Visitor: 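First, the structure itself, so that you have it in front of you.
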Amino acid sequence: MSSSLNLMNPRSNEYDVSVMAPPSSSRNSNKYDVFLSFRGEDTRDNFTSHLYSALWHNNIETFIDNDLKRGDEISQSLLDTIEASAISIIIFSERYASSGWCLDELSKIFECKHDYGQIVIPVFCRVDPSHVRRQTGTFGDYFSKLGERYPEKMQRWGNTLTEAANLSGFDSHVIRHFEGSYFAQNVREAEETGGIKDLQKELLSDVLNDRILRDVRSQLNRLARKMVLLVFDDVNNPRQIESLIGHLDHLASGSRVIITTRDKQVLKNCWAGQIYQMKELVYTDAQKLFSQYAFRGGHLDSSYTELTDKAIKYAQGVPLALKVLGCYLCGRSKEEWESAMRKLEIIPHVEIQEVLKISYDSLDDSQKNIFLDIACFLEGEHRDKVISFFDASGLEAKIELSVLEGKSLINLDVFDQIRMHDLLRDMGREIVRNESVDYPGKRSRLWHHNDIYEVLKKNTGTEKIKGIFLDMNKVNREIHMNFYAFSKMPNLRFLRMYGDENKCLVSHLEGVPFAEVRHLEWARCPLKTLNICAEKLVSLKMPRSKVQQLWDDVQDLVNLKEIDLSRSESLTKLPDLSRAKNLEILWLRGCLSLVETHSTIQYLNKLEDLDLDYCISLTSLPTSIHSKHLKELSLRGCSNLKIFPEITSCHMWRLELTKVGIKELPSSIECLSNLQYLYIWDCSELESISSSIFKLNSLESIDISNCSNLKRFLEIPSCNIDGGTGIEQLASCKILVGFAFCIVVPHCWEPCETHEVFCGLKHKSQRNLDRRSLGRISYVESDHVFLGSYLLGYEDLSKRDDEVSFYISTIYGDDVEVKQCGIHFVYAQDSTESREEEEEDLLRYLL
């Protein structure tokens with residue numbers, strides 16, 4: 001029966017799961033290749049007999065139990081036979097679960113799967129896999145009836161049936177549905193070696209069951225009239241499939257075609273109905289595959305466990321790598337294993353390289369350059385940053401990254417960061433290393449600290465170098481650099497030197513360094529000035545540097561997206577940034593000597609993040625900042641800053657002012673229409689806060705603490721109730737929708753105490769209607785201000801003469817002293833007003 005051929009490789013006539021064959025049992029050697037488990041009355045004389053015949057004709061040693069009379073208990077000899085088989089094929093039929101014998105066989109099979117790694121393949125013959133999984137339908141009826149005789153076994157059998165049905169298997173209805181099938185291996189290789197016509201003849205001959213050579217056109221017409229299942233392996237161009245069978249849409253209705261490829265675009269061009277991304281092997285399966293090739297009999301040698309773990313970690317779940325490494329290390333001593341693993345950290349295995357390099361070789365020059373840059377420098381970076389870097393280099397980054405992703409050379413994680421498999425990264429780096437094995441200065445990219453040390457120390461850089469990526473933590477000695485070190489690298493586009501300590505020592509640079517650099521990152525840079533041509537820069541990151549100033553002239557910085565000079569304590573001024581029209585991030589946190597920012601930052605219309613935290617010498621900012629994209633402004637610790645600038649951003653969601661020297665929060669704050677959180681802490685000079693904050697409709701939280709000089713909180717829209725917190729009786733002619741409140745609470749009673757404060761509504765019957773947390777009060781020498789609101793339902797509150805108390809307490813129910821409480825009521829216009837309109841009324845009056 002042709003359906004069984006799906007378990008074979010029709011080209012090699014060998015069993016197609018040999019790569020994944022399990023290690024032999026620790027109790028018995030593999031006497032049989034396959035054990036067949038089936039319900040004899042259902043399938044013995046049809047599907048099972050045909051399957052057995054196909055396996056036997058392909059020289060696959062198969063056990064089939066031909067005992068027509070089975071007892072209640074499975075024999076020990078049969079249990080031993082199951083253990084002695086490499087693979088078990090379970091043929092589920094409608095009455096399979098009516099036999100305790102079959103279910104005991106099934107339990108033993110899965111015991112061998114768990115203990116010895118036996119391969120299990122389910123086949124569903126005229127039964128729905130979901131019925132087997134859940135024990136429902138007619139299949140479930142037979143199972144339930146058997147349970148009346150063996151109630152103690154039902155749970156174990158049921159769990160095993162569920163596990164079996166969850167495995168990937170075959171549906172005999174689907175298999176028998178096709179009139180022919182063929183597996184075309186290595187299609188790409190066949191075309192490259194001129195063997196595509198031979199492969200076509202073999203395909204047509206096998207599917208049509210016709211060994212006589214005929215006209216190809218007539219054979220293709222015959223093929224188009226048959227319902228077929230075709231698998232094409234390793235296709236890299238749709239024309240290869242057309243060369244074999246013509247147009248896919250000429251196949252008969254109901255035919256199915258499966259294509260494996262390294263390039264997702266091939267599947268799209270073939271209008272694939274479904275695309276499945278292959279996953280790496282999980283650790284257990286990876287260990288089994290590796291052990292099969294590394295150890296005799298497939299058994300892991302316990303003394304090699306740690307080394308095996310290292311090899312499996314290196315392979316990262318790739319079957320090819322596991323097989324190649326297993327063969328390479330088989331029969332070698334521990335010392336040789338350790339030496340081999342150390343070598344692999346520097347030079348990847350040649351055989352693995354050759355296979356992985358196939359996808360790389362299919363790229364054009366632009367795509368190859370992008371791939372190598374990612375492999376050497378940019379893996380793990382956010383997609384947008386990578387696109388900006390390549391766009392500034394004159395490359396069409398979006399389409400090129402799409403091509404790389406389609407070929408599975410890169411992928412995006414959930415954070416939109418570009419990721420690359422370790423083996424692909426190592427392959428890319430090996431391509432670069434082979435550009436000049438003995439002279440690192442003649443390679444295009446440098447990432448290994450020893451190579452970089454030699455180039456910078458000996459000043460052997462050349463025009464070949466496009467990028468340097470140095471982890472200075474790995475360098476165990478100082479690098480005394482030549483003044484012209486970077487001038488000898490005129491094509492340098494990427495420089496990143498990072499670490500806890502600067503190891504690259506130089507007082508100044510001569511020549512014209514960094515003219516082509518797009519990304520310049522040098523942590524703890526020793527240079528006092530950076531007088532460079534920065535017109536191609538996308539990112540400048542020099543945290544904790546010694547720099548006092550950057551360039552003096554006005555430069556066209558249209559590509560610049562990011563400046564990070566945080567904790568550069570000697571920085572005194574910024575350059576003119578008027579032409580940095582695309583700057584999004586400006587981080588100057590901890591620049592202790594910075595007295596003022598350049599006036600041009602007010603015109604940075606795309607600025608999103610301005611961080612000036614702890615710039616303790618900063619005395620002024622531009623009077624206004626016009627960026628409508630500004631999301632975050634940090635001014636903590638700017639104790640000498642006296643005037644808060646006007647900001648017109650509608651995207652800022654958080655503003656934190658801690659230990660800032662401003663005297664007034666201006667009325668322009670009302671322009672921050674999306675501000676949600678406002679924190680004003682320890683601003684000892686602050687005297688007033690504009691009532692404009694009550695126009696911030698998105699504001700959710702205000703926290704004002706330890707502002708000892710605050711004299712007035714202007715025009716709070718409320719009725720002040722000194723001392724008490726009771727709510728007056730509700731007017732009989734109005735329906736109360738809600739109210740806004742402002743509460744002033746004194747600081748904590750004892751040092752180091754922190755209290756969580758709650759507010760709530762209580763009915764006159766003492767029944768609590770609502771309770772919510774306002775926040776925590778910590779011990780600071782100032783009052784605390786809390787703003788909040790309630791949106792009420794009708795219920796009891798709408799009734800005349802009903803009284804409700806508004807109270808404030810600790811989490812334990814203790815009363816909290818209230819110095820002042822302001823309440824503003826919001827009523828519905830009339831009783832027919834909709835709930836949505838009431839909410840709008842409340843929002844109109846609230847903060």
Side-chain angles (χ1 to χ4, degrees), residues 188 192 235-239 261-269 348 353-413 416-436 442-447 462-469 489-496 514-521 535-539 558-562 582:
R188 174 189 55 80
E192 291 175 353
V235 177
N236 67 353
N237 195 300
R239 69 168 178 270
T261 179
R262 301 167 188 267
D263 188 351
K264 192 181 295 184
Q265 190 61 39
V266 171
L267 303 179
K268 293 178 181 178
N269 291 344
Q353 282 280 102
E354 289 175 352
V355 177
L356 295 178
K357 197 169 177 287
I358 293 171
S359 294
Y360 172 82
D361 289 337
S362 69
L363 303 175
D364 63 29
D365 290 343
S366 172
Q367 294 156 3
K368 286 179 179 178
N369 272 311
I370 288 178
F371 173 82
L372 294 178
D373 279 341
I374 294 173
C376 295
F377 311 132
L378 300 174
E379 199 272 338
E381 293 290 343
H382 193 278
R383 177 178 180 272
D384 290 345
K385 286 189 175 182
V386 174
I387 288 175
S388 296
F389 173 78
F390 288 123
D391 283 349
S393 300
L395 302 173
E396 291 295 337
K398 291 183 179 178
I399 184 61
E400 305 297 34
L401 291 176
S402 176
V403 170
L404 296 183
E405 188 175 8
K407 293 179 180 292
S408 297
L409 292 171
I410 63 170
N411 61 78
L412 293 176
D413 64 16
D416 256 4
Q417 294 173 322
I418 292 183
R419 297 297 179 187
M420 179 181 288
H421 195 284
D422 288 354
L423 292 180
L424 290 169
R425 179 204 61 199
D426 293 347
M427 181 265 289
R429 292 183 173 187
E430 181 63 7
I431 290 171
V432 173
R433 193 185 72 88
N434 284 325
E435 292 172 351
S436 178
K442 294 183 179 181
R443 298 176 197 160
S444 61
R445 299 159 179 89
L446 299 175
W447 64 90
T462 69
E463 72 283 354
K464 298 286 187 183
I465 297 178
K466 297 179 180 179
I468 295 176
F469 185 95
M489 309 175 198
N491 295 313
L492 188 69
R493 294 183 295 114
F494 184 97
L495 176 65
R496 184 183 183 194
F514 308 136
E516 295 293 323
V517 170
R518 274 69 173 178
H519 180 92
L520 174 54
E521 180 177 352
E535 294 189 352
K536 294 186 178 180
L537 268 181
V538 174
S539 175
V558 66
N559 294 304
L560 192 59
K561 295 286 188 74
E562 175 184 23
N582 294 304

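Just so you know, these numbers come straight off a predicted model, no measurement behind them.
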Visitor: When rounded to the nearest 0.5 angstrom, what is the spacing between CG in L520 and CZ in R496?
Guide: 12.5 Å
Visitor: Please test M489 against L495 for side-chain contact (heavy atoms from CB on, under 4.5 Å), starting from the C-alpha separation and ending with a verdict.
Guide: CA-CA 11 Å; M489 309 175 198; L495 176 65; over 6 Å; no
Visitor: Taking the side chain as C-beta and beyond, is there a heavy-atom pair between D384 and D416 under 4.5 Å?
Guide: no
Visitor: For a 4.5 angstrom cut-off between non-hydrogen side-chain atoms, does I418 reach L412?
Guide: yes
Visitor: To the closest 0.5 Å, what do you measure between CD (Q367) and CG (L401)?
Guide: 10.0 Å
Visitor: Going by atom type alone, with no hydrogens or angles, which donor-acceptor pairs under 3.5 Å involve a side-chain atom of residues 353-361 and a protein atom two or more places apart or on another chain?
Guide:
{"unit_1": "K357", "atom_1": "NZ", "unit_2": "D361", "atom_2": "OD1", "d": "2.9"}

Visitor: Run the numbers on R433 and R443 for side-chain contact (heavy atoms from CB on, under 4.5 Å), then give the verdict.
Guide: CA-CA 7 Å; R433 193 185 72 88; R443 298 176 197 160; 3.9 Å; yes
Visitor: Between E379 and M420, is there a donor-acceptor pair closer than 3.5 Å when you use the side chain of the first and the backbone of the second?
Guide: yes
Visitor: Is it true that a side-chain atom of N559 and a backbone atom of E535 form a donor plus acceptor pair closer than 3.5 Å?
Guide: yes
Visitor: How would you list all residue pairs meeting side chain to side chain donor-acceptor pair (under 3.5 Å) that involve residues 417-428, not counting sequence neighbours?
Guide: D413-R419, Q417-R419
Visitor: Would R518 and E516 pass as an ion pair if we require N to O under 4.0 Å?
Guide: yes
Visitor: Would you name the heavy atoms of A515 and K536 that are closest together and state the gap between them?
Guide: O-CD, 3.9 Å
Visitor: Please list, chain by chain and in numerical order, all residues satisfying side chain to side chain contact (heavy atoms under 4.5 Å, CB included) with K464, sequence neighbours excluded.
Guide: T462
Visitor: Sorted by first residue and then second, give each salt bridge (Lys or Arg N to Asp or Glu O under 4.0 Å) pair with at least one member in residues 396-411; sequence neighbours left out.
Guide: D263-K407
Visitor: So does K561 get a backbone contact from the side chain of N582, meaning a donor-acceptor N/O pair under 3.5 Å?
Guide: no
Visitor: So, using side chain to side chain contact (heavy atoms under 4.5 Å, CB included) as the criterion, who are the partners of S408 when residues are at least two apart?
Guide: Q277
Visitor: Rounded to the nearest 0.5 Å, how far does CD1 of I465 lie from CG of L446?
Guide: 4.5 Å
Visitor: For residues 368-378, run the donor-acceptor check on the side chains, cut-off 3.5 Å, and write out each pair with its distance to 0.1 Å, sequence neighbours left out.
Guide:
{"unit_1": "N369", "atom_1": "OD1", "unit_2": "R445", "atom_2": "NH2", "d": "3.1"}
{"unit_1": "N369", "atom_1": "ND2", "unit_2": "D365", "atom_2": "O", "d": "3.3"}
{"unit_1": "D373", "atom_1": "OD1", "unit_2": "R445", "atom_2": "NE", "d": "2.7"}
{"unit_1": "D373", "atom_1": "OD1", "unit_2": "R445", "atom_2": "NH2", "d": "3.3"}
{"unit_1": "D373", "atom_1": "OD2", "unit_2": "R493", "atom_2": "NH2", "d": "2.9"}

